[in-house]
Amino acid sequence: MIYDTLFGKPLISLIAVGFAGIVVWHLLSRQRPTTRLVVQIVFFGLMTLILVGSGIEPHRFQGYGSEDPQALLVVVAKTLWWIHLAWAVIGFIRLYLVLEGSPREARLLQDLVIGVVYIGMALSVLAFVFGVPIGTLVATSGVVAIILGLALQNTLADVFSGIALTLGRPYVIGDWILLSDGTEGRVVESNWRATHILTSANNIVVLPNSFLAKLGLTNVSRPDESHLLILTIRIAPTRMPASVRQVMLSALTSCNSIVRDPPPVVALKGLDATALEVELQFRVTSPSRRVQARNEVLDLVYRHCKSAGLLLAVPAAASVLTGDLPTEESARPPRVTPLELIEAIPIFATLTADEKQKLAETTAIREFRKGDVIVRESDMLPSLMMVRAGIIAARHGDGERGRLAPGDFFGETGLLAGMQEVCTLEALTPVTVYEIDQQAFAPLLNQRPALAEEIAEELASRAERFRDAALPPEPAHSAHAILKTIRTIFRG
C-alpha cells in the first residue's frame with residue numbers, strides 16, 4: 001500500500017514529501033538543531049528513495065519537450081530535492097562547524113560556508129534542472145560581474161572589512177573604544193556591514209566597517225577598563241615644591257571617585273617666577289566616570305589648597321607685573337574660618353547670618369593624630385565636626401566606604417537627632433576639626449522653635465539622598481521622627 005502510494009505517482013509523491021518537509025522543518029524550534037537535522041535527513045532520504053525508484057537522476061539534466069505534461073512536475077521535484085540537500089548540509093554545518101572559545105568566528109565561518117552551499121545549490125538547479133550551460137554563463141558574465149562589482153563596491157568593502165574585524169577581534173560587544181577621529185563610546189552591536197557605538201552623549205553612531213578599518217583604534221577596555229586621567233594644576237610658588245606636592249597627594253588620597261591601586265601620582269612639571277606646575281595622574285574604573293572623578297579632584301584640590309594656605313597661580317597667558325606676584329614671604333593665604341565652613345553646610349542653610357555668626361563663635365578646635373579613631377560604628381557622636389585639615393577614612397564592617405576631606409562634616413545626626421554613626425571614622429593623617437556641641441546649638445532652637453522643623457526636613461531629605469550612596473550619613477528616618485527626637489534632646 002505504501003509502495004503504491006509513493007511509487008505509483010512518484011513525482012506527485014516527491015513534491016508532497018518535499019513540501020511536507022519544508023513545513024515540518026519550519027515548525028521545529030531552532031533551539032533543537034539536532035532534531036531538525038535528523039528530520040531533514042529523513043525527508044531527504046525519502047525523496048532520494050522516490051527519485052531512484054522512479055528512474056529520475058537529479059544530478060543530470062534530462063531534456064523534456066515543452067508539451068510534456070510531466071515537465072513541470074520534474075522541475076519542481078528536482079528543485080525541491082536540491083533544496084533539501086542544501087538544508088541537510090547546512091544542518092551539519094550549524095551543528096558541527098564549531099570553534100571552541102570563539103563563537104563569533106565560528107558564526108562567521110558558518111555563514112561563509114553556508115553562502116557557498118546556497119550558491120552551489122543555485123548553480124546546480126540551473127545546470128541539472130533547467131539545463132543552463134553554467135560554464136558558458138560564467139565565462140560570458142565578465143561584464144555583468146564588473147558592473148555588479150562597481151555598484152556594490154562600498155557594500156563589498158564593508159562586508160570584507162567586517163570579516164577582517166571579526167577575525168582580528170580588536171574589540172567585542174561591550175568594549176569601550178576610542179577612534180583616531182575622536183569618536184569614542186561603547187560597542188553595542190557589530191554586524192557584517194557596520195558597527196554601532198553608544199557614545200557618552202547617549203547617541204548611537206553607526207560606522208561602516210570599511211571606514212572603521214581605516215582608522216586607528218584604541219580599545220580602552222583592554223586589559224581592563226581603568227582609565228588614566230591627567231590634570232595640570234598651577235600653584236603660586238609661595239611654598240617649597242615638596243610641600244605643594246604633599247598637599248596635592250593628600251587631595252588625591254581623599255578622593256572617592258578614583259582607583260587607589262595603582263596609586264595616584266603627583267609629578268612636578270615646571271617652576272618659574274609665576275607658578276609651580278603640577279601634573280596629577282590618576283585612574284578611574286571606567287571612562288564613563290571621567291567627568292565625575294575630574295570634578296571631585298578639582299574640588300578637593302581647591303579645598304586642600306585653601307586648607308594648607310596655597311594660592312592658585314594666574315594663567316600662563318595672563319599679563320601681570322612680576323612685582324605683583326605673591327612670594328613665599330609676601331603671600332597672604334586665605335584663612336579657613338568656622339563661619340565659612342558653617343555657610344557651606346546644607347543643614348544650616350536656613351539659619352540667618354547672625355545665627356551662623358553666633359554658632360561660629362561657639363566652635364572649638366579639636367585635633368587628632370594619624371591613626372586615631374574619632375568615632376566608632378554604632379556609637380553616637382553628640383557634636384558636629386567640620387574638617388579643617390586632614391583626611392578621614394569612613395569604614396563600615398571590613399571595608400572602606402569613603403573618605404572625608406577639608407570642608408566635609410560629620411556628626412550632625414548625633415547632634416541634632418541622636419542617631420548612631422553608621423561608619424567608623426579614623427584619621428588617615430593629622431586632622432584638625434571645628435566642633436559644635438549641643439550646648440552651643442541649644443540657644444538657637446530656644447530662640448526660634450520653628451528652626452527644628454526646618455532642620456528635620458533637611459536631615460530627612462539628606463538621609464533619602466544618601467541612602468544608597470557609598471558613604472551614607474545616617475539611616476533613613478522620616479522628618480516627623482527626626483523632629484520628635486530633636487525636641488526631646490534639646491528640651492532636656
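In this text, all values refer to a predicted model and were calculated from it rather than measured experimentally.
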### Message
Quick check: do E435 and L384 have side-chain heavy atoms less than 4.5 Å from each other?
### Response
no
## Note on the structure
For I391 and T429, the nearest pair of non-hydrogen atoms, with its separation, is N-OG1, 2.9 Å
### Message
Would you compute the distance between atom CE of M386 and atom CD1 of I436 and round it to the nearest 0.5 angstrom?
### Response
4.0 Å
### Query
What are the two closest non-hydrogen atoms of R388 and P406, and how far apart are they?
O-CB, 3.7 Å
#### Entry: Distance in Å, S200 OG paired with W176 CH2, rounded so as to fall on 0.5 Å steps
5.5 Å
### Query
With a 4.5 Å heavy-atom cut-off, do L229 and R290 have their side chains touching?
yes
### Task
Write down the atom of P287, the atom of E225, and the distance for their closest heavy-atom approach.
CD-O, 3.6 Å
### Query
Is there a donor-acceptor contact under 3.5 Å linking the side chains of S254 and H304?
yes
#### Entry: Name of the residue among V259, L231, I230 meeting side-chain contact (heavy atoms from CB on, under 4.5 Å) with F282
L231
### Message
Let me confirm one number: the CG-CG distance from L207 to L179, rounded to the nearest 0.5 Å.
### Response
6.0 Å
### Query
Can you tell me if R234 uses its side chain to pair, donor with acceptor, with the backbone of V314 under 3.5 Å?
yes
### Query
Would you say the side chain of T352 lies within less than 4.5 Å of the side chain of E355, judging by non-hydrogen atoms?
yes
### Query
Are any side-chain N or O atoms of N295 and backbone N or O atoms of Q292, one a donor and one an acceptor, separated by less than 3.5 Å?
no
### Message
Please give me the minimum heavy-atom distance between P241 and L268, naming the atom from each residue.
### Response
CB-CD1, 3.8 Å
### Query
How many angstroms lie between atom NZ of K356 and atom CG of L339, to the nearest 0.5 angstrom?
8.0 Å
### Query
Does CZ in R376 sit with more than 12 non-hydrogen atoms of other residues, nucleotides or ligands closer than 6.0 Å?
no
### Task
Over all heavy atoms of both residues, which pair between V433 and F368 is shortest? Give the atoms and the distance, please.
CG2-CE1, 3.8 Å
### Query
What distance do R283 atom CZ and H227 atom NE2 have between them, rounded to the nearest 0.5 Å?
9.5 Å
### Task
Test V188 against I197 for side-chain contact (heavy atoms from CB on, under 4.5 Å), laying out the working first.
CA-CA 6 Å; V188 294; I197 299 176; over 6 Å; no
### Query
Between E279 and R245, is there a side-chain N and carboxylate O pair less than 4.0 Å apart?
no
### Message
I'd like to know if the side chain of S250 and the backbone of Q246 have a donor-acceptor N/O pair within less than 3.5 Å.
### Response
yes
### Task
Check the pair C305 / L311 against side-chain contact (heavy atoms from CB on, under 4.5 Å), numbers first and verdict last.
CA-CA 7 Å; C305 286; L311 300 175; over 6 Å; no
### Query
Side chains of C423 and E377: does their closest heavy-atom pair fall under 4.5 Å?
no
### Check: A293 main-chain N/O paired with S257 side-chain donor or acceptor under 3.5 Å
no
### Residues R303, D299; criterion salt bridge (Lys or Arg N to Asp or Glu O under 4.0 Å); working and verdict
CA-CA 6 Å; R303 288 155 61 180; D299 177 68; 2.6 Å; yes
### Query
Quick one: does V375's side chain get under 4.5 Å of T424's, heavy atoms only?
no
### D272 side chain to T274 side chain, donor-acceptor N/O pair below 3.5 angstrom
yes
### Query
Does the side chain of V172 reach to within under 4.5 Å of the side chain of V187, using non-hydrogen atoms?
no
### Message
Whether the T253 and R403 side chains hold a donor-acceptor pair (N or O, under 3.5 Å, no angle test) is what I'd like checked.
### Response
no
### Query
Can you find a heavy atom in the side chain of D437 that is under 4.5 Å from one in the side chain of T362?
no
#### Entry: Stepwise side-chain contact (heavy atoms from CB on, under 4.5 Å) check, V247 with L310
CA-CA 9 Å; V247 172; L310 296 179; 3.8 Å; yes
### Message
With a 4.0 Å cut-off on N to O distance, would you call D175 and R186 a salt bridge?
### Response
no
### Query
Any donor-acceptor pair under 3.5 Å linking the side chain of Q281 with the backbone of A267?
no
### L428 vs K370, side-chain contact (heavy atoms from CB on, under 4.5 Å): CA-CA, chis, key distance, verdict
CA-CA 5 Å; L428 292 183; K370 179 180 179 180; 5.9 Å; no
### Task
Kindly indicate whether the side chain of M380, heavy atoms from C-beta on, has any atom under 4.5 Å from the side chain of E421.
no
#### Entry: Side-chain donor or acceptor of D372 paired with backbone N/O of I374 under 3.5 Å
no
### Query
Hey, what do you get for CG (L298) to CD1 (I233), rounding to the nearest 0.5 Å?
5.5 Å
### Summary
Nearest heavy-atom contact between V284 and R289 is CG1-O, 4.1 Å
